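Every number for a ligand or one of its atoms is a count from 1 in the order of the listing. What you see is a predicted model; the values in this text were computed from it and never measured.
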Amino acid sequence: MGSRVGAVIDVAGLQVRFGTVDAVACVDLQVEAGQALALLGRNGAGKSTTMRVLAGVVPPTSGRAVVAGHDVRTEPLLAKRSVGYCPDVGGLVPRATPWEHLQLSARLRRLEGWEPRARGLLEQFDLGDVAHRVTAGFSHGMGRRLSVVLAALHEPEVLLLDEPFDGVDPLGVEATFAVVEDARARGAAVLVSTHLRDLAVQVCSEVAVLRGGVRVATVSADHMAGDEGARAYRALLA
Ligand SMILES: Nc1ncnc2c1ncn2[C@@H]1O[C@H](COP(=O)(O)OP(=O)(O)OP(=O)(O)O)[C@@H](O)[C@H]1O
């Protein structure tokens, strides 16, 4: 896939180095408005690091990372504002309730009239009953579901979901699918990092495979579906 004019997520020649470790050596990705791209790859392939660069959490060592027209390096605030990010781990305050997380997010982004959408998302993710319970006692799956809700609250132009299905029950998976479909319908670009290839191909139109910090392929989701897709994926990992 070549560089596309107007891609909402535009990554080219991305490199991220931690000391002597090249977490990302060379990644190119373009996701257009209304598209969802899955990031697949083995443990340590560089998926989360790529997501963190786009979320403005980790600076790129070199290369380009642009979200919604904003370079993460030169326009960090505008870039962050355009992104909704579900990190692979962490991000929740144990002493705060889901509602307090949503309040904080809304305040930081100066959202108006966000409450009905927040309530709707909590219901959709079956978190309505625990909206006012501190997250310290949440199961892993509940924490994942809340992280997706927080990423989606402000209807961002760029939705970054890192391992959103990890430990999540089928109803939570359905709710996450609905969030991705809603984002695509309103013209957002979505990036989903996951090890669950069968779910990735259901919700994404394309799949990028990373290996050793390098993007080795970008193919249509159909290409990665079913038994044949499993074989194709294994071949790319070998
Ligand atoms: N802060 C850091 N300091 C040093 N090395 C790091 C750091 N973050 C990531 N790495 C290394 O970069 C490589 C890529 O890690 P990353 O978390 O991006 O992989 P991943 O594809 O998301 O893996 P997984 O599927 O296991 O979550 C790994 O070798 C990891 O050890």
- request: Kindly confirm or rule out an N or O of A23 lying under 3.5 angstrom from an N or O of ligand 1.
  value: no

Subject >> Donor-acceptor contact below 3.5 Å, side chain D28 vs main chain G13 >> reply: yes

The salt bridge (Lys or Arg N to Asp or Glu O under 4.0 Å) partner of R117 among E112, E155, E123 is E155

| query | Would you find a donor on one side and an acceptor on the other, under 3.5 Å apart, between the side chain of H132 and the backbone of T97? | reply | no

Atom 15 (O) of ligand 1 has as its nearest protein heavy atom T49 OG1, 3.8 Å

Quick note on ligand 1: atoms under 4.0 Å from a heavy atom of G46 include exactly 14 (C), 18 (O), 19 (O), 20 (P), 21 (O)

Within the protein, is there a heavy atom lying under 4.0 Å from atom 7 (C) of ligand 1? yes

In this structure, atom 17 (O) of ligand 1 is nearest to the protein heavy atom S48 CB, 3.7 Å

Per-atom filter on ligand 1: closer than 4.0 angstrom to a heavy atom of R42 are 21 (O)

query: Hey, does the side chain of R186 reach the backbone of P156 with a donor-acceptor pair shorter than 3.5 angstrom?
result: yes

Quick note on ligand 1: atoms under 4.0 Å from a heavy atom of N43 include exactly 23 (O), 24 (P), 25 (O), 26 (O)

Apart from L104 itself, members of its ILVMFWY cluster (side-chain separation under 4.5 Å) are L108

*Looking only at distances, please establish whether an N/O atom of ligand 1 is found under 3.5 Å from an N/O atom of A45.*
yes

Review point. Would a 4.5 Å heavy-atom cut-off, applied to side chains only, mark D169 and R145 as touching?
Key: yes

Counting heavy atoms under 4.0 Å, the part of H195 that contacts ligand 1 is side chain

Check your understanding: Have T61 and Q15 got a donor and an acceptor in their side chains that come within less than 3.5 Å?
Key -> no

In this structure, atom 21 (O) of ligand 1 is nearest to the protein heavy atom K47 NZ, 2.8 Å

| message | Quick check against the 3.5 Å criterion: does Y233 have a side-chain atom that pairs as donor or acceptor with the backbone of E228? | response | no

Check: of A25, S193, G19, G44, min heavy-atom distance to atom 29 (O) of ligand 1 comes from G44

for atom 4 (C) of ligand 1, nearest protein heavy atom and its distance come out as F18 CB, 3.4 Å

